[in-house]
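Just below is one structure, and these are the notes that go with it.
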Amino acid sequence: MVVLLFLTGGVFSQTDFKNKVYRRTSKVIEKDFPKPNPFNEGQLLRTKLLFSVYELQCIGAYKNSLSKFDQAGSPHFSFFDSVNNYKTAMDYDPLDAKKYILEKAKNNQFVIINENHDQPMHRIFAASLLKELYDEGYHYFAVEALTSDSSLNQKQKPTFDDGYYTTEPQFANMLKLASEIGYTFVAYEATNEQELKKRDYYQALHIKEKTVDKDPTAKVFIYCGFEHNDETVAADSLSMMAAWLKLITRIDPLTVDQVFLTEGSNRDCEHTSYSFLHADKDAVFVNKKDSTTSFVPFDKTTACDVYVYHPRSVFKNNRPAWLATNGRQEFFLNKKNIHIAYPLLVMAYERNENVNLNIPTDAIELKNASAVIPLYLKEGDYKLVLRNDLKQEQVIMIHAGCEGADKVESQKNTNLLIAEKNAVSTDIKKISTSIILSKSETQFFKVNGKYDYSGANILAYMIDSTNNTIRYCSYSVMAASYYFLDSIADFLIKNKAFTLCIYGYADAGITGLEKKNELRSSDAIALVVEKYLLEKKVSKTQLKTKGMGKLELLYPTPKNKQEHEKNNRVKLVFTNGY
């Protein structure tokens with residue numbers, strides 16, 4: 001299947017897609033679907049349908065996008081088409097697909113693996129091969145979907161300008177991982193109208209020119225779509241890229257198919273062979289008597305060396321469990337921090353990424369406040385961008401994956417309360433209580449460059465009932481503190497009569513500072529918080545800072561490293577005036 005993505009104008013252009021993706025909920029996307037039976041409506045309508053399907057996939061609507069994709073064009077094989085082959089399938093046993101491919105790759109110079117464009121799991125599996133292939137000498141990553149390789153080879157993160165399929169989170173994550181490992185990227189797609197007439201030939205030629213022509217010993221991992229890894233030499237120059245590459249380089253590639261033995265939206269939309277096989281993990285089926293012979297699907301239309309079987313998706317909290325790979329864990333957004341209308345989209349970006357340029361590491365849709373759908377994130381700081389169809393937008397800063405717990409903010413571990421929108425009070429206790437949870441809550445914060453878990457007995461972020469102060473512990477403002485400080489900023493902006501006194505404390509016992517520098521260090525600690533609040537548009541006149549050095553330490557005679565760490569802190573005191 002070849003999807004026409006080279007249209008330069010009109011509602012079907014890639015530019016139009018980039019302007020819509022991550023900005024429309026599924027309800028709006030589905031309204032834009034063409035009429036039923038798009039094949040009778042012409043190729044442009046079918047292309048528009050595929051654009052809409054892919055937009056659903058980008059926002060994490062896996063089941064919906066898979067179903068719509070099958071409507072656009074799926075095998076529609078019947079179980080009875082190959083019922084006589086059932087016994088043949090029973091002659092094969094499953095082996096671990098990753099291990100099998102990596103072993104075969106040792107004796108090859110090209111490894112070509114394809115994807116079904118509606119299957120993010122294919123990108124996740126390909127990504128799982130990257131590190132071991134690189135260690136085996138495969139230092140080039142040739143990707144059909146790339147429009148250019150220059151920005152990625154400069155170690156920039158994937159952007160909307162890098163391609164069309166690359167805008168999906170798992171595709172972008174695969175490219176990020178390859179960049180981190182050290183791969184040199186190769187964009188090899190046909191680039192103009194003349195090349196498109198012999199698309200696969202020029203794809204193969206570009207790979208050859210950018211790799212083995214420069215380095216005859218180069219090993220190349222090639223990622224393509226659908227049948228471009230077919231090694232069949234066809235008549236009238238209709239061979240696929242893999243066949244052309246074999247012809248013009250005289251190098252026999254290891255070709256791996258992921259399309260035939262992967263689930264469809266229902267059994268009628270799956271290749272017949274898939275119904276006969278079963279394994280609980282990604283597998284290659286090999287003959288029980290001859291382990292060198294791997295299973296070839298009955299209904300195949302391509303010639304490949306290896307056909308990978310992917311088991312049916314298991315869903316957890318409405319998302320496929322195969323998302324929990326490469327260090328990613330569930331993260332549930334605290335609904336109390338959402339201030340825009342449902343349904344809405346949630347996109348997770350790494351903290352330093354440009355949300356208008358880079359691709360989110362994950363995205364989901366929350367249709368209502370009761371929806372239980374997690375993001376899958378590695379440990380780190382993230383910007384969550386929330387959008388809805390009313391053009392409302394909200395940004396929330398989080399930290400995911402702290403040591404000691406895999407959810408900073410979950411349904412069961414609410415960290416912080418946001419001040420009520422119109423709350424005004426001259427009673428400091430009431431003000432504090434409106435934005436801080438009880439002492440039974442746990443918090444996460446950064447101390448001396450490490451993430452540290454503090455139990456319910458720590459005073460950080462908690463009310464001190466003896467002097468009406470709020471304390472938290474951090475040299476720098478971490479994502480887990482943002483909600484807390486944002487709520488303080490919101491209160492100060494709405495209540496101009498109040499001043500916040502920010503006191504910094506430093507303990508040389510852990511920082512290694514000379515005692516004479518403790519006061520200077522405590523000043524710097526206080527200024528970190530002041531700077532954050534100023535950036536949130538709090539008036540400078542409402543903020544006072546003072547370094548206290550080693551005065552009033554929580555532990556005047558600390559007995560261990562943990563007590564030293566907790567001595568490095570700030571104390572926040574509200575006053576009605578100064």
Would you give the length of the straight line joining atom CG of Asn173 to atom CZ of Arg123, rounded to the nearest 0.5 angstrom?
-> 11.0 Å

Verdict with supporting geometry, Glu132 and Tyr138, side-chain hydrogen bond (donor to acceptor under 3.5 Å, both in side chains) | CA-CA 9 Å; Glu132 286 85 348; Tyr138 288 82; over 6 Å; no

Side chain to side chain contact (heavy atoms under 4.5 Å, CB included) test vs Ile59 passes for just one of Glu365, Arg24, Arg23, namely Glu365

Any chance you could measure Phe260, atom CZ, to Leu277, atom CG, to the nearest 0.5 Å?
-> 13.5 Å

Counting distance only, does the side-chain N/O of Gln109 pair as donor-acceptor with the main-chain N or O of Ala218 below 3.5 Å?
-> yes

Is the backbone of Pro94 close enough, under 3.5 Å, to the side chain of Tyr309 for a donor and an acceptor to pair up by distance?
-> no

Verify, without hydrogens or angle tests, whether Glu168 (side chain) and Phe171 (backbone) share a donor-acceptor contact under 3.5 angstrom.
-> yes

Could you pull out the closest heavy-atom pair between Thr167 and Phe160, with the gap in Å?
-> CG2-CD2, 3.6 Å

Summary of salt bridge (charged side-chain N to carboxylate O under 4.0 Å, His left out) pairs that have at least one residue in residues 249-262, sequence neighbours excluded = Lys246-Asp252

Which pair of non-hydrogen atoms, one from Ile359 and one from Tyr22, has the smallest distance, and what is that distance?
-> CG2-OH, 4.0 Å

Closest non-hydrogen atom pair between Thr147 and Ala187, with its separation = C-CB, 4.3 Å

Is there a donor-acceptor pair under 3.5 Å between the side chain of Tyr274 and the backbone N or O of His310?
-> yes

Please report the C-alpha distance between His117 and Tyr54 in whole Å, then the side-chain angles of each, then the deciding distance to 0.1 Å, and finally whether the ring pair (Phe, Tyr, Trp, His ring centres under 6.0 Å) criterion is met.
-> CA-CA 8 Å; His117 294 318; Tyr54 201 64; 7.7 Å; no

Any donor and acceptor pair, going by atom type alone, linking the side chain of Asn153 with main-chain N or O of Ser150 inside 3.5 Å?
-> no

So, is the end of the Lys157 side chain (NZ or CZ) under 6.0 Å from the ring centre of Tyr349 and within 45° of the ring's axis?
-> no

Side chain Lys155, main chain Ser179, donor-acceptor under 3.5 Å = yes

Side chain His228, main chain Met241, donor-acceptor under 3.5 Å | no

For the atom pair OH (Tyr62) and CD (Gln170), what is the distance rounded to the nearest 0.5 Å?
-> 12.0 Å

Whether Asp381 side chain and His399 backbone form a donor-acceptor pair below 3.5 Å | no

Which ring-ring contact (aromatic ring centres under 6.0 Å, His included) pairs, counting each pair once, include a residue from residues 188-213, with sequence neighbours left out?
-> Tyr201-Trp244

Reference residue Thr255; test side chain to side chain donor-acceptor pair (under 3.5 Å); the match among Asp305, Asn114, Asn108 | Asp305

Kindly determine whether Glu350 and Thr361 satisfy side-chain hydrogen bond (donor to acceptor under 3.5 Å, both in side chains), including the steps that lead there.
-> CA-CA 7 Å; Glu350 294 177 17; Thr361 192; 5.2 Å; no

Could you tell me whether the side chain of Asn229 and the main chain of Ala242 form a donor-acceptor pair under 3.5 Å?
-> no

Partners of Asp96 by side-chain hydrogen bond (donor to acceptor under 3.5 Å, both in side chains), sequence neighbours excluded?
-> none

Would you check if the side chain of Ser67 reaches a backbone N or O of Asn64 as a donor-acceptor pair within less than 3.5 Å?
-> no

Determine, using ring centers only, whether Tyr183 and His139 are less than 6.0 Å apart.
-> no

